Every structure is written in structure tokens, then in C-alpha cells.
Amino acid sequence: MTKLPSRLAAHPSVRAVQGRDKPEPGPIDAAWLREICLAAGADDVAAVSLDHPDLAGERKYVLEALPGTRSLVSLVVRMNRDNVRTPARSVANQEFHRSGEIINEAAHRITRILQDAGHRVINPSATFPMEMDRFPGRIWVVAHKTVAVAAGLGAMGIHRNVIHPRFGNFVLLATLLVDAEVSEYGKPLDYNPCLECKLCVAACPVGAIAKDGAFDAAACATHNYREFMSGFTDWVATIADSEDGADFRSRVTESENASMWQSLSFKANYKAAYCMAVCPAGEDVLGPYLQDRREFLDTVLRPLQDKPETIYVNPGSPAKEHVERRFPRKTVKVVNRSR
């Protein structure tokens, strides 16, 4: 230990710390780590080394957030499936938000336990990215999906959601950054739980998911995240550009204003996430789809396809044509382009 100035060395707190016989913490035992994570509220957990080749793109950002990070701990919390599947989007949004609270709370508890064991560890937000000084660039500390796949907790489906082998895509993810190695790391799955059933393709109201696996991120963001970030900015710009209250009300419906108010006063509403809702993959999820596929389509897919609702699209985008052609009961609204 570094020699201290006499005045500092004499301080009671310093003397108390120096009097402790506390060895430096070693690698984290994987079995113990799993035990505390499950006890804290996670439904599955696995660790992965920051040196994993699939995490090369995360390394810089992780080390900025916690210098000395050596391992990433991926957490899974499962959601209640029918809450996500219902056409009543208030129910689905409540499920997303409540599950987010659960996984953030679990991550916070685990962080405290690891900290008390002598480790440096942080738990970035599991839900809403918050590094807004980087907006519109990378606003997240760590890519939870990338870490979960590298840790073996699932594989990416064609809808760009992680599919857990048991729980399917009805999961939320979190990641802990830790300054220690873990005695055993997870290994990527040797198969993809995705069934390639293409129900996510059929359900997406803006055609963001193509049958060949191509993904239109702008179309997805413009609609599903309408009340997040750039959609909110567009709403504010509409207010600023309106000549008066009557002009504003001619541009934005009462329902849209009420939904934006709800997002601002509670938490932002997702407009769809139908790709998750219809996904039948995962051992705990698959049964009803295998038992009666027609019934599954009638009770899960078609209510979402037939739901009358406003769909937000960018001007001149393929999404506009897709909605008009595939979903005549839905109303198209052209809005300013999302980033």
C-alpha cells in the first residue's frame, strides 16, 4: 500500500480500513453468481468475457463506462406473453414497463452484492438508452442483445429480437459490467430457436421485416418509437409551426395528443412490437402454435393485423405503400423522417 502522509494515516477511517484483513477479490464463481442473480429476480443469467471476438465493437464503450471491465454479465427477465400479444396496447406497454422495472431492480441488487464482495461493477439502464449527449448516434452504454447472444442466452431472430431457447422473445435483457473474470463463461447456442415461420413479417404494420431477413430500421423506428426522441421532436415542431390552436388540432388528433401526454406523464408508449407478439419460438412458448396453427393465427396474428390504428411512415417510403396495400383498416400518417 502507498505510504500516506502522517495526517491522513492518522485519520480514524483510514486506520479502520488499513486494519482490515481483506484480501483482493479473485475471479467470480459462476455458480454463486447464478444463485444471486436468480435470487434477485432474473430468470436466466450467463457471463461472457469482454475479450470475446463478437464483442469487439462494444469494448471501447464498455471501458469508457467502467475502466478495467473484464466480464459482462447478461441477465434475462421473462415477460407475460398474453400481455404482449393483446391488441390493447396499454396492456402491452404496461408489461414492457413493469418488466423493465423488474430487470433494472434485479441488476441494481446484483450490483450491490458484487460491490460488497469487493468488485467494481455498474448496471447500465436495461430499458431506455440515456446517453443523450451522443444523440443521434450511439445512445446506449452497452448493446444488451449482442452481449446476450455472445453469452449463449439466445440467438437473433429475423425480427431483430433475441430469442431465448426456453422463454422465446418474451424477454427483456440487462448487462452488468464487472472488473473481474468469471470462473465459467457461457457459450453461444449451436442452433437458432427462430422457426423462420415469418409471422413477424406478416404482423409488422410497416413492412420493416423482409422475408429474406432484410430490415428497414427507419420504418420500424418511425412508427413503433413515434413517442420517443425524434417523434417527440416532430410533435413539438408541429406545435411551433402551427398558426394557432385550431391549425394545430387540424394536424394532430386528440387521440395523438392524449397518447403523447400519457407518454410524457408516465412512460413512452410503443406503437406496435407486433413482431414480438406473434413469435411462437421458445420451448415454453411453442406448444399452442404446434397444436393448432390456424387457431394461433386467428387468435394472435389476425387481431393485430385487423386493429384499426394510425401507422406513422416517412414520406415516399416503402412503408407507406405497404400499409396501404396490406392493411386497409389502418390509417396512414406521413410524418417527418426519423433518424
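Counting from 1, the numbers follow the sequence of the chain as shown. Fair warning: this is a prediction, and the values are worked out from it, not measured in the lab.
Residue pairs that meet the salt bridge (charged side-chain N to carboxylate O under 4.0 Å, His left out) test with at least one member in residues 299-319, sequence neighbours left out, are D298-R302, E309-K330. A salt bridge (charged side-chain N to carboxylate O under 4.0 Å, His left out) check over residues 266-294, counting only residues at least two apart or in different chains, returns the pairs E101-K267, R166-D284, E227-K271. Listed by first and then second residue, the ring pair (Phe, Tyr, Trp, His ring centres under 6.0 Å) pairs involving residues 8-59 amount to none (not counting sequence neighbours). For residues 175-196, every residue pair satisfying the salt bridge (charged side-chain N to carboxylate O under 4.0 Å, His left out) rule, not counting sequence neighbours, is listed here: R70-E181.
Using the six-membered ring where Trp is involved, F96 and Y270 have ring planes that are tilted, between 30° and 60° apart. Taking the six-membered ring where tryptophan is involved, the planes of H164 and F167 are essentially parallel, since the angle between them stays under 30° and well short of 60°.
Taking 4.5 Å as the limit, some side-chain heavy atom of L297 sits within range of a side-chain heavy atom of L199. Within the 4.5 Å cutoff, the side chain of I110 has no heavy atoms near those of the V73 side chain. For the pair L195 and L286, the minimum side-chain heavy-atom distance is below 4.5 Å. Taking the side chain as every heavy atom from C-beta outward, R226 and N269 never approach each other to under 4.5 Å. In this structure the side chain of V252 never reaches within 4.5 angstrom of the side chain of I239, judged on heavy atoms.
Remark: side-chain polar atoms of S74 are not paired, donor with acceptor, to backbone N or O of A46 under 3.5 angstrom. Within the 3.5 Å criterion, the main-chain N or O of V313 finds no donor-acceptor partner in the side chain of T222. No side-chain donor-acceptor contact under 3.5 Å links H119 to the backbone of I113. Side-chain N or O atoms of R138 include none that pairs as donor or acceptor with a backbone N or O of F135 at under 3.5 Å. Side-chain N or O atoms of E324 include none that pairs as donor or acceptor with a backbone N or O of V332 at under 3.5 Å. H144 contributes a side-chain N or O that, together with a main-chain N or O of S125, makes up a donor-acceptor pair within less than 3.5 Å. Of the possible donor and acceptor atoms, one in the side chain of N93 sits under 3.5 Å from a partner among the backbone N and O of R89. A donor-acceptor pair under 3.5 Å is formed between the side chain of N104 and the backbone N or O of A126.
In terms of heavy-atom proximity, C279 sits nearest to F170 at O-CE1, 3.5 Å. When all heavy atoms of F327 and A202 are compared, the pair lying nearest together is CZ-O, 3.7 Å. Contact between W140 and R134 at its shortest, heavy atoms only, is O-NH1, 3.2 Å. Of all heavy-atom pairs between E95 and N80, the closest is OE2-N, 2.8 Å. Closest approach of A117 and P25 over heavy atoms only: O-CB, 3.8 Å. Between V84 and A92, the closest heavy-atom pair is O-CB, 3.9 Å.
Rounding to the nearest 0.5 angstrom, the gap separating the CG atom in L72 from the CZ atom in R59 is 10.0 Å. To the nearest 0.5 Å, atom OG of residue S71 and atom CG of residue D51 are 9.0 Å apart. The structure places CG of D43 at 11.5 Å from CG of L153, a figure rounded to the nearest 0.5 Å. Annotation: the span from T233 atom OG1 to N336 atom CG amounts to 10.0 Å, rounded to 0.5 Å. The line from CE of M276 to CD1 of I163 is 10.0 Å long, rounded to the nearest 0.5 Å. A distance of 8.0 Å separates CG in L176 from CG in L33, rounded to the nearest 0.5 Å.
For the pair R78 and D44, the salt-bridge criterion is not met [side-chain N within less than 4.0 Å of a carboxylate O].
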(request) Quick one: do Q115 and T111 satisfy side chain to side chain donor-acceptor pair (under 3.5 Å)? Show the steps, please. (result) CA-CA 6 Å; Q115 173 186 274; T111 296; over 6 Å; no

(request) Check the pair V206, H322 against side chain to side chain contact (heavy atoms under 4.5 Å, CB included), reporting the backbone distance first and the verdict last. (result) CA-CA 6 Å; V206 293; H322 180 86; 5.6 Å; no

(request) Run the numbers on V142 and Y61 for side chain to side chain contact (heavy atoms under 4.5 Å, CB included), then give the verdict. (result) CA-CA 7 Å; V142 61; Y61 302 101; over 6 Å; no

(request) Kindly determine whether E256 and R251 satisfy salt bridge (Lys or Arg N to Asp or Glu O under 4.0 Å), including the steps that lead there. (result) CA-CA 10 Å; E256 290 175 300; R251 301 186 188 197; over 6 Å; no

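Every residue two or more places apart in sequence or in another chain was checked for a side chain to side chain donor-acceptor pair (under 3.5 Å) with R112, and none qualifies. Residues that satisfy the side-chain contact (heavy atoms from CB on, under 4.5 Å) test with V162, not counting sequence neighbours, are K145, V149, M156, L173.
Atom CD of E64 sits in a crowded spot, with more than 12 heavy atoms from other residues, nucleotides or ligands closer than 6.0 Å. Within a 6.0 Å radius of CZ in R325, other residues, nucleotides and ligands contribute more than 12 heavy atoms. The number of heavy-atom neighbours closer than 6.0 Å to OH of Y289, taken from other residues, nucleotides and ligands shown, is above 12.
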